[in-house]
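Okay, structure first, notes after.
By convention in this document, chain letters (A, B, ...) are assigned in the order of the sequence lines, proteins followed by strands, and residues within each chain are numbered from 1.
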Protein chains: 2
Amino acid sequence: MMDTKTQTDLCPAPLVFAMIGGKWKLTILQILIFHGTKRFGELRREIDGITQTMLTKQLRALEDDGLVQRQIYAEVPPRVEYNATDDALALRPAFEAMHSWWVGRRAPSTSK
Amino acid sequence: MMDTKTQTDLCPAPLVFAMIGGKWKLTILQILIFHGTKRFGELRREIDGITQTMLTKQLRALEDDGLVQRQIYAEVPPRVEYNATDDALALRPAFEAMHSWWVGRRAPSTSK
DNA sequence: CGGTATCCACCATGATACTG
DNA sequence: CAGTATCATGGTGGATACCG
């Protein structure tokens, strides 16, 4: 027998998803985690299809959850850089686990 | 330098989330993966707050994605059992990675 | 350049009632 | 017991316009 605890106890994945489950959050995190610091404009250009509004929203949400750090430079023209926090970097195993699962699954694309 | 591939190439997490990102899907999967086969009513009772409608919908979606298998017994009263497929069972490392991250993170609950 | 302020559309969630 | 059908709603996502 495994346990009789609540699901959240054993599986906080719903909570994790609440933090990184936005439409663009994973993409943003992936870039910042695996590619390092990026400026706002760089992110916007690298994430195809995202609007400024959404990029800002998702970045703010990630910042609020302590996954992204914002660095503002008082220059002209303005420069703002984003980078993954240690918390975010610690997500790499989770990313890799999902990656492995995705590529290793037996039903990648059925005839359907 | 790490790579110049697209995000999806390196990180299919958005696709993974599309499959298991529903509000209850993870909880359902967790139960079926770690506790084995369950009847419809059992799931409903074990997942606090879920309605029949939602349970059915999420189960159907999981079934469509090959993560859950449905077994119908032609009995009276009717009995329907659900169990995780091999694909779903292969998600365990991902679950565990998220679990480790959650419990190991440095900002579990700030003073805020 | 890097935002914020509005407003809107859609879809996932869910409440409720009925059924084989 | 295990659903389906229907309808309501709220939050996420997004288009657009303006600002420091």
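At the heavy-atom level, A:Y82 lies under 4.0 Å from the strands shown only through sugar-phosphate atoms. Residue contacts shown for B:R45 are absent, as no nucleic acid heavy atom lies under 4.0 Å away. Residue B:R39 is in sugar-phosphate contact alone, with no base atom involved, counting any heavy-atom pair closer than 4.0 Å across all strands shown.
For the OP1/OP2 pair of C:dC1 and a distance below 4.0 Å, the side-chain nitrogens and oxygens of A:R44 include no atom meeting the criterion. Checking the phosphate oxygens (OP1, OP2) of D:dA2, no side-chain nitrogen or oxygen of B:R70 falls inside 4.0 Å.
Side-chain contact between A:K25 and B:F17 is absent, with no heavy-atom pair separated by less than 4.5 Å.
B:F17 has its CZ atom 17 Å from the C1' atom of D:dG13, to the nearest Å. Taking atom CG on B:L43 and atom C1' on D:dA2, their separation rounds to 12 Å, with Å as the unit. The nearest whole Å value for the distance from the CD atom in B:Q71 to the P atom in D:dA2 is 13 Å. Here D:dT16 presents its P atom at 16 Å from CD1 of A:I50, a figure rounded to the nearest Å. To the nearest angstrom, C1' of D:dA2 lies 6 Å from CZ of B:F40. For the pair B:E75 CD and D:dA2 P, the computed distance is 10 Å after rounding to whole Å. Between the CG atom of B:L59 and the C1' atom of D:dC1 there is a distance of 14 Å, given to the nearest Å. Between B:E81 atom CD and D:dA2 atom P the separation is 9 Å, expressed in whole Å.
Heavy atoms only, all atoms of each residue included: A:R44 and A:L55 are closest at N-CD2, 3.6 Å. The shortest non-hydrogen separation linking A:L67 to A:A88 is O-CB, 3.1 Å. The shortest non-hydrogen separation linking B:L43 to B:Y82 is CD1-CD1, 4.2 Å.
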**Study point:** Verdict with supporting geometry, B:R70 and B:L59, side chain to side chain contact (heavy atoms under 4.5 Å, CB included)
**Key:** CA-CA 9 Å; B:R70 188 162 161 237; B:L59 282 170; over 6 Å; no

Exercise for review: Go through B:Q30 and B:H99 one step at a time and tell me if the side chain to side chain contact (heavy atoms under 4.5 Å, CB included) criterion holds.
Suggested key: CA-CA 12 Å; B:Q30 186 270 326; B:H99 182 267; over 6 Å; no

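For the atom pair A:K23 NZ and A:K57 NZ, the distance stands at 12.5 Å (nearest 0.5 Å). Atoms NE2 and CD1, from B:H35 and B:I33 in turn, are 10.5 Å apart once rounded to the nearest 0.5 Å.
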Distances for protein N/O vs nucleotides 17-20 of chain D N/O pairs under 3.5 angstrom?
none

I'd like a table of atom pairs between the protein and nucleotides 11-13 of chain C - only N or O on both sides, under 3.5 Å - with the distance next to each one.
| unit_1 | atom_1 | unit_2 | atom_2 | d |
| --- | --- | --- | --- | --- |
| C:dT13 | OP1 | B:K23 | N | 2.8 |
| C:dT13 | OP2 | B:Q58 | NE2 | 3.0 |

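No single ILVMFWY cluster, assembled from side-chain heavy atoms under 4.5 Å apart, contains both B:Y73 and B:V76.
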